Amino acid sequence: YAGGITGYNLGELVDNVSEAASLATISNSGGSCVMGGITGYNGASGRLENCTTGRWSVNNRMTGGAEKFPTGGIIGCNQSVNDLKGLINRAAVSGDWMTGGIIGLQQTELRGGFTIEGCENYGTVTGRIRTAGGIISDWRYQSGRVRECINYGKISIENGDSDVGDPSKNARNAAAGIIGTGWWGGEVSITVERCGNEGNIFHSTNSGTNLGKAAGIFGAYNSNSSPLTLTITDCYNAGIIQNEGKDSSAGIFAGNENSGTIHAKIIRCVNYGNGTNSGNTFAGIAYNTAKNTAWKVDQCLNVGVCYS
């Protein structure tokens, strides 16, 4: 574990505020590592509030590794039962499997609900593979809520391979302004409310079979095992969305990562951003599959230009 304040946190990190112009580097260039700008791992009892990074560099590049080694501008992996508030990232963040502006991997296990609110990302977030998100890269385990968070940074997947060095794999991954991707084997409920994305979203690929998604708010969720109940209200996207993958893109939510069921309500959301998707589906608000018949999209508006 590696972090700008601590590698492994089980206590309180409150009011750790860096000057905006301050410079620092947190890096890994070889072994497997969970890395965050403030803390690498935030354990079940850990609490973070009002913490801010400067114009730092958080760089976690592994020669091997797997999904259990995420990277975040504030927290690499969060398993805390405590809600998170007032976290601001200005660091440029780059990583391999799960790379987020605030949290790389969100996986609270011991509580029925989790809230992250009032958080902002200004840093560029670059994921080498799997997923990238402005606030949370990958969401797993318990239900929860993202409230009044905003992303200003560019969010990108730089090549989209499912395995380092093997571009032939049929990868599924996503980039998005608030939550990149999510997955779990049980029923989960996620609510995103009063959040916004101002940053550009870019999904690049060097593989002709890549199935990556891109979206302004939520990239994709794998509901193959159990259904997801998703509510997105009063959110907006103002960033440009560019997807070179061979899957759907959308201004708000790009849909299911696999063939399972999502019960979605998208209410009072607006897309201002233009989008391109290399000849594939681009939706101004949300992309849905025929299996998900219970979706509700209400009082939403798209004013962006959408190119397939």
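Numbering of residues begins at 1 and proceeds along the displayed sequence. Only heavy atoms go into these numbers, but all of them, side chains included; no hydrogens, no water, no symmetry mates. In this text the structure is predicted, and so the values were computed from the model without any measurement.
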Under-4.0 Å salt bridge between Glu12 and Arg47: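 Looking at Arg47 together with Glu12, the answer is yes, because their closest N to O distance falls below 4.0 Å.
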Given Ser29, Ser94, Ser27, the one that forms side-chain hydrogen bond (donor to acceptor under 3.5 Å, both in side chains) with Asn59: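 Result for side-chain hydrogen bond (donor to acceptor under 3.5 Å, both in side chains) with Asn59: Ser94.
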Euclidean distance, Phe282 CZ relative to Asn302 CG, rounded to 0.5 Å: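 Reported value, rounded in 0.5 Å steps: 7.5 Å.
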Spacing of CD belonging to Gln106 relative to CD1 belonging to Ile75, to within rounding of 0.5 Å: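 Taking CD in Gln106 and CD1 in Ile75, the distance rounds to 8.0 Å.
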Using atom types as modelled and distance alone, determine if a side-chain donor or acceptor of [X] lies under 3.5 Å from a backbone N or O of [Y].
| X | Y | answer |
| --- | --- | --- |
| Ser80 | Gly46 | yes |
| Trp295 | Ile262 | yes |
| Asn151 | Glu120 | no |
| Thr6 | Tyr8 | yes |

Just checking, any donor-acceptor pair under 3.5 angstrom between side chains of [X] and [Y]?
| X | Y | result |
| --- | --- | --- |
| Asp138 | Thr131 | no |
| Glu198 | Tyr236 | yes |
| Thr231 | Lys265 | no |

Heavy-atom check, side chain of Asn173 versus side chain of His203, under 4.5 Å: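 Yes. Closest side-chain heavy atoms under 4.5 Å.
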Heavy-atom side-chain proximity of Gln79 to Cys77 below 4.5 angstrom: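 In short, these two side chains touch, coming nearer than 4.5 Å.
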Same apolar cluster (I L V M F W Y, side chains within < 4.5 Å links), Val93/Ile88: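 Val93 and Ile88: separate clusters.
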